[in-house]
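Let me begin by presenting the structure, written as structure tokens, before commenting on it.
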Number of protein chains: 2
Amino acid sequence: MNREYSGKRRVDGGLDIRKEKILQVVTDDYIESAEPVGSRTIAKKYNLGISPATIRNEMSDLEESGYLRQPHTSAGRIPSHQGYRYYVDALMQERSLSQSELEAIRSEFEAKTKRIDSLLQQTIKVLSQLTKFPSLILAPQLHAAVFKYIQLVPINEYNILVLVVTDSGFIENKLIETPFPIHEDELQRISSMLNRKLQGVSLRNLGATLMREIKEEMLAHDRFFHETMQLLVKALETKEKERVYLEGAVNILEQPEFKEIEKLKPIMMLLETEEKRYNILADSSLTHGIRITIGEENTEEAAHECSIVTATYEVGGRTLGAIGVLGPTRMDYARVVSVVGFVAEYLSDLLTDLCKK
Amino acid sequence: MNREYSGKRRVDGGLDIRKEKILQVVTDDYIESAEPVGSRTIAKKYNLGISPATIRNEMSDLEESGYLRQPHTSAGRIPSHQGYRYYVDALMQERSLSQSELEAIRSEFEAKTKRIDSLLQQTIKVLSQLTKFPSLILAPQLHAAVFKYIQLVPINEYNILVLVVTDSGFIENKLIETPFPIHEDELQRISSMLNRKLQGVSLRNLGATLMREIKEEMLAHDRFFHETMQLLVKALETKEKERVYLEGAVNILEQPEFKEIEKLKPIMMLLETEEKRYNILADSSLTHGIRITIGEENTEEAAHECSIVTATYEVGGRTLGAIGVLGPTRMDYARVVSVVGFVAEYLSDLLTDLCKK
DNA sequence: GTTAGCACTCTCCTTTGTAGAGTGCTAACC
DNA sequence: GGTTAGCACTCTACAAAGGAGAGTGCTAAC
């Protein structure tokens, strides 16, 4: 804290050390206060060993090269998106969670519901409580899952409920309408057969595998069987939109940047539209690990004033889905990254436990 | 419209006709404009055949007896909660939906997902689109459902996934942890047995019925069977909180009464807390049909500035759950009641179709 | 290269004034 | 007695004006 930053040692390709320090200080302070940071404040509060005037000069340079910006002529500076990017990539101090926070997360998961689908909801509940930001979770992507169990349940004469359970215990269901009545025993027979044949098949290949089976078994069964299988393949192949759950949207109301209803509206709209929620998380669901998307880097226009921190959760190397939080670009990245990372890991562990025999 | 309301014929127990008319006009106008209604406006716009001064006198009376109130001394009048109540009970003109609206609802449901659980989400999506208010749905209450199918799926050595399907195709799942490994065949045997024994049993009595079965079959099976059944009964008896889904929360942002963030916050909080959502709908889930709850009649304090219109959906006389919308007390009750009623009926029909053989 | 000093700018808040809408009251009218 | 016109009064909303405070940019000196 008391080191002097008069030297001009350049960091490889980036800013010189003093500029870096100023960018860091401005960002840290703005993250905390949500107010533009002035040169005097910096000089007084952060003891850099240089005067406000010098800081002003440096800030002027930083603004010129795009790392800082001024909301209006006589205000202090705030980081630009580029500034945040630099901060996140180079300056941010990794912060690990406190013991009590880790404990809180664990105990929150301990009191777990015995409903497997609630696990997702619970995960983002924890996430939003810890980050104070709206949190999202992309449900396990079916094509990344492995088949565990299938059952055809007759709902009425012409409707069959198809239940597919994945290895991590998630359940997919589809309703099939048949043009002909099917007997319960027949369904049971088909279910048993499928369970035998499909063991361990990736859901990505389920349709294709089924198709092959049909051909093989074609002669052994009657017309009903054949047609039912056709319907089944079709039902399993129609990709449903992946679901993205949301929790803690109210938290966004606490952020000063959204205190005006007009600023708030696009964000709420974004959060409420499943497709847009999906867009926010989807990119990251491909790349393993933690990902930070700042401001205009977001593809969703409504999120141009926001940053999104996501992390994937996985089982045995397979990326199943992703979790993430959305907040103003002025967010405590260090903390959020730790939390999102830890929660994703925790969820991964829970699911891995479920998968392994 | 051109009738004169100078007479003072009293309506049984309520207000005299002219006061009623004024209350109605004030309410109608306020619902439309969201602005306090003045005497001059009424005289000019609604042609009641009386002067502003007379209207002022009447309004003064109406205020004294609690039907109207003034936001501030020199503003027009707006209905009090009591006024709305009177309006809803006695004055509101039932309005049926236009042919095109009915068509819109039907076609929205037509494009139905083949996922049975998405039906709920879809229902309130329609509801919120039509009413422009946040909409809620209380998922089918399990205890009101009838058993259709059960399956125990081994997830790993010590975890069993219990799937229960109800007659209307809804799926409940629970994860059971066993202290001992169970073989897949054993689970299959238990599942088959349960499916035979539990046909047509109400889920309300599932635990008890199971218990009885255990006793009967006790001798016929081994220790594992017995212990598994114990776990199963326990899992099925622990009541999970009933789920209440939400859709269209952004709509509340369009309402002028919530344009200030501080007014908005409690409402958003209310909508986001599942328990509170449940409280809003729960009352009505007991009483069959449509129910209007105005302002302070709501048990949830945050909803004291709101009204809630709910309707139950049912299958063959069994009330399964409820749908509802939440809006400012200044809502177009006539329209909302029609929409909520129709959508609830439509959902009931859909589910009834699924239930009947 | 660094710093002090100073004029300038911009926001935010408060004050002041005005227009507009609406009421309550009184006295007159039917 | 109910109804109405007239008028003073009240309150809000909006705009304009002024001052305090924070911060910058520039210049000249160190």
Side-chain angles (χ1 to χ4, degrees), chain A residues 3-10 15-19 21-23 25-26 29-30 33-65 67-80 256-257 259-260, chain B residues 4-10 15-19 21-22 25-26 29-30 33-65 67-80 256-257 259-260:
Chain A
R3 273 183 297 159
E4 299 216 350
Y5 289 92
S6 329
K8 273 229 151 186
R9 286 158 291 154
R10 272 195 144 259
L15 300 165
D16 70 54
I17 290 192
R18 195 168 70 183
K19 284 201 173 60
K21 187 65 193 171
I22 287 175
L23 177 56
V25 161
V26 168
D29 201 83
Y30 183 61
S33 69
E35 296 291 331
V37 190
S39 55
R40 238 176 75 88
T41 314
I42 295 178
K44 267 202 299 193
K45 203 162 154 191
Y46 294 92
N47 232 10
L48 302 186
I50 46 180
S51 77
T54 309
I55 295 173
R56 278 205 287 282
N57 288 333
E58 293 285 39
M59 290 208 293
S60 187
D61 290 355
L62 281 168
E63 182 168 1
E64 205 173 334
S65 41
Y67 294 97
L68 293 180
R69 61 195 187 86
Q70 252 179 321
H72 55 85
T73 323
S74 73
R77 301 299 207 298
I78 62 180
S80 66
E257 24 272 279
K259 66 176 197 293
E260 284 151 62
Chain B
E4 300 216 349
Y5 288 90
S6 330
K8 275 228 154 188
R9 287 158 290 152
R10 272 194 144 264
L15 301 163
D16 69 54
I17 290 191
R18 195 168 70 185
K19 284 203 173 60
K21 188 66 194 172
I22 289 176
V25 160
V26 168
D29 201 85
Y30 183 61
S33 69
E35 297 291 333
V37 189
S39 55
R40 236 176 76 87
T41 315
I42 295 179
K44 267 202 298 193
K45 203 162 155 191
Y46 294 93
N47 232 10
L48 301 186
I50 47 179
S51 77
T54 309
I55 294 173
R56 279 205 287 282
N57 288 332
E58 293 285 39
M59 290 207 293
S60 186
D61 289 355
L62 280 167
E63 182 167 1
E64 204 172 336
S65 40
Y67 294 96
L68 293 180
R69 61 194 187 86
Q70 252 179 320
H72 55 86
T73 324
S74 74
R77 300 302 206 297
I78 63 179
S80 66
E257 24 273 276
K259 66 176 196 294
E260 285 151 60

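Every value quoted in this text rests on a predicted model; they were computed, and no experiment measured them. Numbers restart at 1 for each chain; the letters A, B, ... are given by sequence-line order, proteins then strands.
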_Each nucleotide in nucleotides 12-30 of chain C should get exactly one letter: B, S or -. Can you fill that in based on protein heavy atoms under 4.0 Å?_
---------BBBB------
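- Considering CD1 of Ile50(B) and CD1 of Ile42(B), their distance stands at 8.5 Å, rounded to 0.5 Å.
- Scored by the salt bridge (charged side-chain N to carboxylate O under 4.0 Å, His left out) test, Glu35(B) finds no partners at all (sequence neighbours excluded).
- Put simply, the side chain of Lys45(A) does not reach to within 4.5 Å of the side chain of Val25(A), judged on heavy atoms.
- Distance OG/Ser60(A) to CD/Gln70(A): 8.5 Å, rounded to 0.5 Å.
- Between Pro71(A) and Ile78(A), the closest side-chain pair of non-hydrogen atoms falls below 4.5 Å.
- Ion pairing of Glu63(A) with Arg69(A) is absent here, as no side-chain N (NZ or NE/NH1/NH2) approaches a carboxylate O to less than 4.0 Å.
- Taking atom CG of Asp16(A) as the reference point, atom C1' of dT2(C) lies 15 Å away to the nearest angstrom.
- Checked against dT12(D), dT3(C), dT3(D), the side chain of His72(B) finds its nearest nucleotide in dT12(D).
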_Walk me through whether Tyr67(A) and Asp61(A) qualify under side-chain hydrogen bond (donor to acceptor under 3.5 Å, both in side chains)._
CA-CA 9 Å; Tyr67(A) 294 97; Asp61(A) 290 355; over 6 Å; no
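- Ile22(A) places its CD1 atom 13 Å from the C1' atom of dT2(C), with the value rounded to the nearest Å.
- Stem analysis of DNA chain D (Watson-Crick or G-U pairs, both distances under 3.5 Å, runs of at least three) returns C:1-30 with D:1-30.
- The shortest side-chain heavy-atom distance between Leu23(A) and Lys19(A) does not fall under the 4.5 Å cut-off.
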